[in-house]
Amino acid sequence: MFSSPGFNRANAYRQVGAHSGVESASPHALIQMLFDGLFQSLNAARGAIQRGEVEEKGRHLGKAVRILQEGLAAGLDLEKGGELAGNLKLLYDYCVKQLTQANVRNDPALVEEVMGVLQPVAQGWKEIGPQGSTTAGA
């Protein structure tokens, strides 16, 4: 596939910028980035389901599941975070199950359900700000 040298440089710049942003981000900002990426993937997956794009659907749902499991759930400190961290873990596990069903059934409503369930959590995380980021042991 053809791509111009300018495109390659721009793409490399974006990758370096993304890595630099992650490396310099606070723990609170990292969780915010995970939520942002999660919602981008969920929106893209919903659209792919609606358009019948099976490969894209799988790619975006897979990314969303990885963010939930390897990012958000893995970042919880169940010992220090107590009941709140435990409840978040259960919520993330439920969302993974729903996204798996959305993939199997090609059901955009299940993706929307997950988005609706997680939106208040993401909004709450945004509102607590960096000073409250240790509340859930994240």
Side-chain angles (χ1 to χ4, degrees):
M1 186 166 133
F2 174 77
S3 62
S4 72
F7 176 80
N8 289 335
R9 283 191 295 271
N11 193 34
Y13 178 78
R14 279 192 294 274
Q15 289 176 346
V16 168
H19 291 295
S20 296
V22 168
E23 289 173 1
S24 65
S26 69
H28 182 269
L30 289 173
I31 299 297
Q32 194 66 48
M33 288 178 192
L34 287 171
F35 275 119
D36 291 346
L38 176 61
F39 283 103
Q40 287 174 355
S41 292
L42 292 172
N43 277 315
R46 180 180 55 186
I49 291 171
Q50 292 168 340
R51 292 185 303 275
E53 297 173 350
V54 177
E55 187 176 332
E56 283 295 301
K57 170 198 72 167
R59 187 169 66 84
H60 292 296
L61 287 175
K63 182 176 180 182
V65 166
R66 282 191 312 278
I67 291 171
L68 283 164
Q69 291 178 326
E70 298 170 16
L72 295 170
L76 294 170
D77 185 334
L78 298 175
E79 190 174 306
K80 291 180 183 175
E83 185 179 356
L84 176 59
N87 288 340
L88 286 171
K89 172 81 168 90
L90 291 173
L91 179 67
Y92 298 153
D93 289 346
Y94 170 78
C95 290
V96 167
K97 289 177 187 174
Q98 293 302 93
L99 293 177
T100 301
Q101 287 300 311
N103 190 24
V104 170
R105 297 179 185 166
N106 286 315
D107 189 348
L110 291 172
V111 177
E112 291 170 8
E113 176 191 345
V114 168
M115 292 171 74
V117 166
L118 291 174
Q119 189 61 45
V121 178
Q123 185 61 39
W125 188 258
K126 185 181 285 188
E127 289 174 7
I128 64 169
Q131 70 279 2
S133 63
T134 59
T135 303

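This is a predicted model, so every value here is computed, not measured.
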Nearest atoms (heavy-atom pairs only) where [X] meets [Y]:
X: Asn106; Y: Ile49; result: O-CG2, 3.3 Å
X: Val117; Y: Val121; result: O-CG2, 4.1 Å
X: Ala25; Y: Met33; result: CB-CE, 3.7 Å
X: Ile67; Y: Gly37; result: CD1-C, 3.7 Å
X: Phe39; Y: Ala122; result: CE1-CB, 3.6 Å
X: Ala44; Y: Arg51; result: O-NH2, 4.4 Å

Verdict with reasoning, Leu68 to Leu99, per side-chain contact (heavy atoms from CB on, under 4.5 Å)
CA-CA 10 Å; Leu68 283 164; Leu99 293 177; 3.8 Å; yes
Can [Y] be reached from [X] by stepping across I, L, V, M, F, W or Y side chains whose heavy atoms are under 4.5 Å apart?
X: Tyr94; Y: Leu61; answer: no
X: Leu42; Y: Val54; answer: no
X: Leu118; Y: Leu90; answer: no

Return the [atom1] to [atom2] distance between [X] and [Y], rounded to the nearest 0.5 Å.
X: Met115; Y: Ser41; atom1: CE; atom2: OG; value: 10.5 Å
X: Gln119; Y: Glu112; atom1: CD; atom2: CD; value: 13.0 Å
X: Glu70; Y: Arg66; atom1: CD; atom2: CZ; value: 6.5 Å
X: Asp36; Y: Ile31; atom1: CG; atom2: CD1; value: 11.5 Å
X: Leu34; Y: Leu38; atom1: CG; atom2: CG; value: 8.5 Å
X: Asn103; Y: Gln98; atom1: CG; atom2: CD; value: 13.0 Å

Flag, side chain of Lys126 to backbone of Gln32, donor-acceptor distance under 3.5 Å
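The answer is no, because no donor-acceptor pair under 3.5 Å joins these two groups.
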For Trp125, is there any backbone N or O sitting under 3.5 Å from a side-chain donor or acceptor partner on His28?
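Checked: pair present.
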State plainly whether the residues Asp93 and Lys89 are in salt-bridge range, i.e. N to O under 4.0 Å.
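Salt bridge: yes.
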Going through the checks in order, is the side-chain contact (heavy atoms from CB on, under 4.5 Å) test met by Leu110 and Glu113?
CA-CA 5 Å; Leu110 291 172; Glu113 176 191 345; 3.6 Å; yes
